[in-house]
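Encoded as structure tokens, the structure appears first; notes follow it.
By convention here, the first residue in the shown sequence is residue 1. Both backbone and side-chain heavy atoms feed into the values below; hydrogens, waters and symmetry mates do not.
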Amino acid sequence: METESEPYVRLATLRQLHTVMADMNTARSLADTLQTVADGVVKGLGYELACVNLVRPDGDLVVAAFAGNSAAESLIAGRVGSRTSWERRLGMGEAWGDLRFIPHTEGWVLDEDDVPQWYTDGPAPRFEDEWHPSDRLFAPMYTPGVSGGSCGELIGVLSVDRPRNGRRPGAWGREALQMYAFQAAIAISNARLRANMQRALVRLEREQQALRASEESFRQAFEYAPSGMAIAEMGGDQHGRILRSNDALCRLLGRPASAMRRYSFSDLVHPEDIGTLLRTSAEGGRAELRLGRRDGTYVWVSLRNSVVADAADGPRFLLSHVEDIEDRKRRELQLAHRAAHDALTGLPNSAELRTRLSARLCQRPQATHPGEIESIDAAYGHPAYDANGHGFDFRPGADLLDAYDHHVHTIAPEGERDDGTKGLAVLFCDLDGFKSINDRFGHNAGDAVLIEVARRLGRAVRDGDTVARLGGDEFVVLADGLGKADAADLAVRLRNEIIQPIRVDGRGMRVGASFGIGWAHCGMTADEVLKSADERMYIEKRSRPKQHRRAG
């Protein structure tokens, strides 16, 4: 009887399997696919209960779908069984191909493990192949593409129970369940792939939305920034060429955006600041430099460069932030000018005078023995003696070359006669009769006289010469490239300028001037040079009759 009905039953089962498999492969989500797999066991394979245990990323198996009994489903759905316990199950009982059958006579040892289950006890079977309530039948599901599935990666296990005919499945029933598990594995794998692709697409869309939002935020921040911003090329023949500039930078430089794209920063920077720009653009960072406006003037800016790198190609662009610091620089220059100049006359003060004089001088190298005097003389162009005719000290440890490498030495004319040598003349000027003006007419009048004397001195010297106020009524003139006769003529001209009448508040006032001429040369300090000129001034002052000093 069973043999005659089996082909009919198998054909009906195949028709049901076809429908179930079609449903599995058209499910819209992974969850729908898993539920369709469980439902298909009940609908197409003739079991009353079916459970899909899905392998999680951590290796354990979770009850992902259940069909046939809502009470049992609420009891075990979502519960997790350890991978170890499942491997124990799949290694027990009888191997029916890829299926694993554990009869009730062996299954009692599994009652206390952590795998979720719904099995109940019952009476002993009445005949040999009768299904017992505690019998267990598992259909492992492996990744597709491996012959037979037994060597593939486990992705889940189908648990089935209560065949409707009350019997353990025969050969064709086992084959049908095994085939169904294989097709279910394909459907689950495809569903996972679709789910992963959908998640990837959603993630990509979100990233693109975030990127668009970020680009829009950057565009607005770039365009509407209160200070100047620019994007420039980095590397290659077009290094530094401005690709994009915002409105604030265009206003700062007085140039339209279309014109800005024709320039690089090296075209706009002040020639003296080229080195600073190159260091900043090569490494990124911050620098203060001057950029050219359209009207030909320059504006001080703080330039901050950030290197924008590409993950594949490395540094690609420079993002430049340009801040107008003209007012701050003007204040700094004013402060620096005040620190280096006399508040009353505007001339360089004593500190600035010493700085300028020291910049021209280097300290004389120390000889290790008297035989090196000739080497020093050759380097300096004059004998190794000081202004008083004393020989220099000879102390060990000095390097003669270091003293004159990379330095143009200052030398002084020698002897009383003009030998044609040109040097740095230091003219020390002290006003004669100035104290009486302060005493008779007050300090305001005295200040007016000092201001006029400073103006006359500045007018009488050459461009490049320095006129400084040393303090009180003392002035110093530094004049380079003069011989002895030239320096004497300059002192006469300056004295003649000073002795001319000076009108203050309608009164005519006169002061005289005494000049001492000193000569600077390397090996002397600035104070030594000034002291030498000061001493000569006092010699000159004492040599003139008192009544003639004011008139010169």
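Proximity of a side-chain donor or acceptor of S217 to a complementary backbone N or O of A213 within less than 3.5 Å is detected. Counting only distance, with no hydrogens or angles, the side chain of H132 and the backbone of P103 share no donor-acceptor pair below 3.5 Å. Formation of a donor-acceptor pair under 3.5 Å by the D135 side chain with backbone atoms of H104 is found in this model. The main-chain N or O of L303 is never found under 3.5 Å from a side-chain atom of E288 such that the two would form a donor-acceptor pair. Distance alone, capped at 3.5 Å, places no donor-acceptor pair between the N190 side chain and the A187 backbone. The closest donor-acceptor contact from the side chain of S74 to the backbone of A71 lies under 3.5 Å. The closest donor-acceptor contact from the side chain of T410 to the backbone of R360 lies under 3.5 Å. Listed for the N246 side chain is a donor-acceptor partner under 3.5 Å among the backbone atoms of M229. A donor-acceptor contact shorter than 3.5 Å links the side chain of R174 to the backbone of P169. Of the possible polar contacts, none joining the H337 side chain to the L333 backbone as a donor-acceptor pair under 3.5 Å is found.
Between D324 and W300, the shortest heavy-atom contact is OD1-O, 3.6 Å. Among all heavy-atom pairs drawn from V55 and G156, the shortest one is CG2-N, 3.7 Å. Scanning both residues, L30 and A191, for their nearest heavy atoms gives CD1-CB, 3.8 Å. Looking at every heavy atom in both residues, M141 comes nearest to A181 through CG-O, 3.6 Å. Residues Y298 and P271 share a closest heavy-atom pair of OH-CD, 3.9 Å. Pairing each heavy atom of P256 with each of C250, the nearest pair is C-SG, 4.0 Å.
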Exercise for review: Assess whether salt bridge (charged side-chain N to carboxylate O under 4.0 Å, His left out) is satisfied between R136 and D111, documenting all intermediate values.
Suggested key: CA-CA 12 Å; R136 294 170 172 85; D111 291 343; 3.2 Å; yes
Check your understanding: Would K329 and E326 satisfy salt bridge (charged side-chain N to carboxylate O under 4.0 Å, His left out), going step by step from the backbone distance to the final call?
Key -> CA-CA 5 Å; K329 273 294 183 180; E326 182 70 19; over 6 Å; no
Exercise for review: Under the salt bridge (charged side-chain N to carboxylate O under 4.0 Å, His left out) rule, what do R83 and D60 come out as? Steps first, then yes or no, please.
Suggested key: CA-CA 5 Å; R83 182 65 174 261; D60 292 339; over 6 Å; no
Exercise for review: Before giving the answer on salt bridge (charged side-chain N to carboxylate O under 4.0 Å, His left out), spell out for R212 and E216 the whole-Å C-alpha distance, their side-chain angles and the decisive distance to 0.1 Å.
Suggested key: CA-CA 6 Å; R212 288 192 292 268; E216 178 61 20; over 6 Å; no
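A perpendicular orientation is assigned to the rings of Y47 and W131, their planes being inclined by more than 60° (bins at 30° and 60°).
The structure places CZ of R356 at 14.0 Å from CZ of R354, a figure rounded to the nearest 0.5 Å. To the nearest 0.5 Å, atom CG of residue L154 and atom CG of residue L90 are 6.5 Å apart. Rounding to the nearest 0.5 Å places CG of L75 at 8.5 Å from CZ of F66. Put simply, OG1 on T466 and CG on L478 are 5.0 Å apart, with the number rounded to the nearest 0.5 Å.
Under 4.0 Å is where a charged nitrogen must lie from a carboxylate oxygen, and between R328 and E323 no such pair does.
Partners of R89 by side chain to side chain donor-acceptor pair (under 3.5 Å), not counting sequence neighbours, listed by chain and number: D113, Q117. Every side chain to side chain donor-acceptor pair (under 3.5 Å) that E130 has, sequence neighbours left out, goes to R126.
Proximity of L54 to R192: side-chain heavy atoms (C-beta onward) are separated by under 4.5 Å at one or more points. No side-chain heavy atom of R255 sits less than 4.5 Å from a side-chain heavy atom of R293. You'll find the side chain of V160 stays beyond 4.5 Å of the side chain of F138, heavy atoms only. At a threshold of 4.5 Å between non-hydrogen side-chain atoms, the residues L268 and I242 count as touching. When side chains are defined from C-beta on, E352 counts as touching N349, because their heavy atoms get closer than 4.5 Å. Contact check for L61 versus V157: side-chain heavy atoms found under the 4.5 Å cut-off. F265 places a side-chain heavy atom less than 4.5 Å from the side chain of S320. Within the 4.5 Å cutoff, no side-chain heavy atoms of R88 are placed close to those of T84.
Tested against R290 for a side-chain hydrogen bond (donor to acceptor under 3.5 Å, both in side chains), the candidates D273, T276, T297 yield a single pass: D273. Each of L291, D295, V322, V301 was evaluated against L253; a single residue qualifies, L291, per the side chain to side chain contact (heavy atoms under 4.5 Å, CB included) test.
Residue-environment remark: CZ (R294) stays at or below the threshold of 12 foreign heavy atoms within 6.0 Å.
With 3.5 Å as the limit, one finds no donor-acceptor pair spanning the side chains of N69 and W118.
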